[in-house]
Amino acid sequence: MAKIQTPQPVRGTQDMFGETEERFAYVVATFERVRRLYGFKGLQLPVIEPTAVFARSLGEATDVVSKEMYSFEDRGGDSITLRPEFTAGIARAYLTNGWQQFAPMKLSVHGPLFRYERPQKGRYRQFHQIDAEIIGAAEPAADVELLVMADQLLKELGIDDGVTLQLNTLGDTQSRDAWRAALVGYFNDHKGALSEDSLARLEKNPLRILDSKDPKDRPIAEAAPVIDDYLSGEAQNFFGAVTAGLNAAGVAWTRNAALVRGLDYYRHTAFEFVTDRLGAQGTVLGGGRYDGLIENLGGKPTPAVGWAAGIERLAMLIDERPEELPTFVTSEQEGQEKNVVAVVAALRRGGLAADSITEGSASKRFEKARKKSNGVVLLLSASTDFDIELTIKRIGDWRQQPSEKVIATALQSRFDVLAAEVDEANNYTPYRLNSRS
RNA sequence: GCGAUCGUAGCUCAGUUGGUUAGAGCGCUGGUUUGUGGUACCAGAGGUCGGGGGUUCAAGACCCCUCGGUCGCCCCA
């Protein structure tokens, strides 16, 4: 008989479980809490969008659009793309749902994204981001609010240490275009000295030559025209207001005049929270202002700012998460399964995580319960039709604090007291024997 | 898409210049011991040595191809 081959997972995808999943869930939960503090509404969006949503907004020449999208024709012949980022889909939803009426809108999303890239640490083909956007707000206060929120999120995740906020302005469209033209001219004059990669960038995205890592390019990049010389007075004032706001809010930042973002839609504020703890994947959270995007999708000119952060990258940076384990219930003798079920149900109804073991010998049961528990094991030692005698075992400090017995009647009301007592044991407060009442 | 490196049990790894039946620890399963029960002991299950081809009397080891992981480049969160 031919052996059945188990299909391998798709390259660049991952199955998350245990510690990895705990970290992931913690990042999402923290984000959900923090975004509410700032009044950002949640969103649920489709994973698939018409290909045009991304092609028009990110820029046809960007790597994401030209070679990294999962695009396919569906059975109706429409070109569909698995979303490679959030911003374009949010802008599309804003327009097709007529959300202009709610502007300015503070929105947040999280979920899976797809890019066909070479996988490595912190880079996957299916990856996940948290994302926050403010649509319909032209004032620098919106940029500041998003950055302050990002800063608080990273602090609450405990990863602000070693992560720095790099900030730049790309100016308004006129400033950006003038600067870009100057850069192209400058780099063309130094074509001979540029690396091969940068020669390709000169055609596609000349701004990116500025943060090339190639030592050949560094001296040329460092002597290149700087955006500051091309900023209009308005753009200067805007950037000044953003930095003043950050200072007022106590958010640390550093200017990085070479910081340009990869996607075409960015204007004015551009920023990245970077770390050196993730190898080649230095950016942990990044974003900026994209005042031109909504127009590109057929809407009226609408100012907007936003950022996104990779959940996997954040999850790799946070401290170890203690696994959340339940209280365990087991019995000393055989034939107590029914009462074990009753006790576990009572604990769960009382809001406590609980589980049970009924298989195996008494010593194996206790051993297993001990290992899988949160440190509290309820040992059901005897029972009558009305009473269940339980011993509360606190693993770890049994020498100092002898385990104590509690008797619960089988009446439902009495189980509430039991739940409260187990809750106390879970919290390692001094245990108090509760006499039968 | 380019370069480098690695792949042996569920996990972490050992495996000599190619040489009998591929090992250890942890984990898992069963048992013994103990007895308000834990750190002891015994036994067992579990391996296409990533996959395919080649060299050889003989390949986990050497060669080629391929798949996958990791690290850079690129890109980006």
Next on the checklist: Can you tell me the base-pairing partner of B:C75? Count Watson-Crick or G-U wobble geometry only, both distances below 3.5 Å, and say none if there is no partner.
Outcome noted: none
Item to check | G-U wobble or Watson-Crick pairing nucleotide for B:G68 (cut-off 3.5 Å, both distances) | outcome: B:C6
Next on the checklist: Looking at B:U48, which nucleotide sits across from it as a Watson-Crick or G-U wobble partner, both distances under 3.5 angstrom, or is there none?
Outcome noted: none
Next on the checklist: Applying a 4.0 Å non-hydrogen cut-off, can you work out what A:Arg365 is touching in the nucleic acid: base, sugar-phosphate, or nothing?
Outcome noted: nothing
Next on the checklist: As an exercise, state the distance from CZ of A:Arg36 to NZ of A:Lys41, rounded to the nearest 0.5 Å.
Outcome noted: 10.0 Å
Item to check | RNA chain B: 5'-proximal contact among A:Lys67 and A:Arg11 (nearest heavy atom) | outcome: A:Arg11
Checklist entry - Which part of the nucleic acid does A:Ala362 contact within heavy-atom distance under 4.0 Å: base, sugar-phosphate only, or nothing? => result base
Checklist entry - What's the CD-C1' distance between A:Glu312 and B:U70, to the nearest Å? => result 17 Å
Item to check | Check: A:Leu167 and A:Thr243 side chains under 4.5 Å, non-hydrogen atoms | outcome: yes
Item to check | N/O (side chain, A:Gln120) to phosphate O (OP1/OP2, B:G69) under 4.0 Å | outcome: no
Next on the checklist: Rounded to the nearest 0.5 Å, what separates atom CD in A:Gln126 from atom CG in A:Leu113?
Outcome noted: 9.0 Å
Checklist entry - So does A:Arg261 have more than 12 non-hydrogen atoms from other groups sitting under 6.0 Å from CZ? => result yes
Item to check | Short side-chain N/O contact from A:Arg261 to OP1 or OP2 of B:A77, under 4.0 Å | outcome: yes
Checklist entry - Which residues, if any, of residues 141-161 of chain A bring a heavy atom under 4.0 Å of RNA chain B? => result none
Checklist entry - Can you tell me if A:Glu133 and A:Thr87 form a side-chain donor-acceptor pair at under 3.5 Å? => result yes
Checklist entry - Expressed as a whole number of Å, how far does the P atom of B:C13 sit from that of B:A58? => result 33 Å
Item to check | Identified pairing partner of B:U29, criterion: Watson-Crick or G-U wobble below 3.5 Å | outcome: B:A43
Next on the checklist: Between B:G23 and B:G44, how far apart are the two P atoms, rounded to whole Å?
Outcome noted: 13 Å
Next on the checklist: Using side-chain hydrogen bond (donor to acceptor under 3.5 Å, both in side chains), reason through A:Gln129 and A:His110 one step at a time and then give a plain yes or no.
Outcome noted: CA-CA 5 Å; A:Gln129 287 184 350; A:His110 63 87; over 6 Å; no
Checklist entry - Across the strands shown, which category fits A:Gly12 at heavy-atom distances under 4.0 angstrom: base, sugar-phosphate, nothing? => result sugar-phosphate
Checklist entry - Whom does B:U55 pair with, Watson-Crick or G-U wobble, provided both distances fall under 3.5 Å? => result none
Checklist entry - Could you go step by step and tell me if A:Phe239 and A:His268 meet the ring pair (Phe, Tyr, Trp, His ring centres under 6.0 Å) rule? => result CA-CA 7 Å; A:Phe239 190 57; A:His268 286 293; 9.4 Å; no
Next on the checklist: Using the C1' atom as the point on both nucleotides, what is the distance between B:A43 and B:A14, in whole Å?
Outcome noted: 24 Å
Checklist entry - Considering only the P atoms, how many Å lie between B:G68 and B:C74, rounded to the nearest integer? => result 23 Å
Item to check | A:Arg118 vs B:G72: side-chain N/O to OP1/OP2 distance below 4.0 Å | outcome: no
Item to check | Rounded distance in Å between the P positions of B:U20 and B:G15 | outcome: 16 Å
Next on the checklist: Other residues, nucleotides and ligands only: do more than 12 of their heavy atoms fall within 6.0 Å of CG on A:Asp161?
Outcome noted: no
Next on the checklist: Other residues, nucleotides and ligands only: do more than 12 of their heavy atoms fall within 6.0 Å of OH on A:Tyr26?
Outcome noted: yes
Checklist entry - Step by step, would you call A:Asp143 with A:Arg289 a salt bridge (charged side-chain N to carboxylate O under 4.0 Å, His left out)? => result CA-CA 7 Å; A:Asp143 308 46; A:Arg289 182 163 276 279; 2.6 Å; yes
Item to check | Euclidean distance for P, B:G27 against B:U21 (whole angstrom) | outcome: 32 Å
Checklist entry - What residues, two or more places apart in sequence or in another chain, satisfy side chain to side chain contact (heavy atoms under 4.5 Å, CB included) together with A:Arg267? => result A:Thr173, A:Arg176
Checklist entry - Starting at CZ of A:Phe54 and ending at P of B:C76, how long is that distance when rounded to a whole Å? => result 16 Å
Next on the checklist: Please give the distance between the P atoms of B:U29 and B:C67 as a whole number of Å.
Outcome noted: 39 Å
Next on the checklist: If the cut-off is 4.0 Å, is A:Lys121 near the phosphate of B:C71, judged by side-chain N/O to OP1 or OP2?
Outcome noted: yes
Item to check | Interatomic distance where CD belongs to A:Glu85 and C1' belongs to B:C75 [whole Å] | outcome: 14 Å
Checklist entry - Hey, does A:Glu68 reach any base, or is it just sugar-phosphate, or nothing, if we go heavy atoms under 4.0 Å? => result sugar-phosphate
Checklist outcome for this item: Result for 5'-nearest mapping on RNA chain B, choosing between A:Asp214 and A:Thr283, is A:Asp214
Next on the checklist: Would A:Glu367 and A:Arg370 count as a salt bridge (charged side-chain N to carboxylate O under 4.0 Å, His left out) here? Give the steps.
Outcome noted: CA-CA 5 Å; A:Glu367 181 69 4; A:Arg370 181 181 69 78; 2.9 Å; yes
Checklist outcome for this item: Atom CZ of A:Arg123 and atom C1' of B:G1 are separated, to the nearest Å, by 11 Å
Item to check | G-U wobble or Watson-Crick pairing nucleotide for B:U36 (cut-off 3.5 Å, both distances) | outcome: none
Checklist outcome for this item: As its Watson-Crick or G-U partner within any shown strand, both distances under 3.5 Å, B:U20 has none
Next on the checklist: Base, sugar-phosphate or nothing for A:Gly287? Non-hydrogen atoms, less than 4.0 Å.
Outcome noted: nothing
Item to check | Nucleotide nearest A:Lys213 (side chain, heavy atoms from C-beta), chosen from B:C74, B:A77, B:C28 | outcome: B:C74
Next on the checklist: Can you see if the side chain of A:Arg313 gets near the phosphate of B:C76 - specifically, an N or O under 4.0 Å from OP1 or OP2?
Outcome noted: no
Item to check | d(CD, A:Glu367; P, B:U36) in whole Å | outcome: 17 Å
Next on the checklist: Would you measure the distance from the C1' atom in B:G60 across to the matching atom in B:A9 and give it in whole Å?
Outcome noted: 14 Å
Atom pairs, protein N/O to nucleotides 29-34 of chain B N/O, distance under 3.5 Å:
unit_1: B:U29; atom_1: OP1; unit_2: A:Lys368; atom_2: NZ; d: 2.4

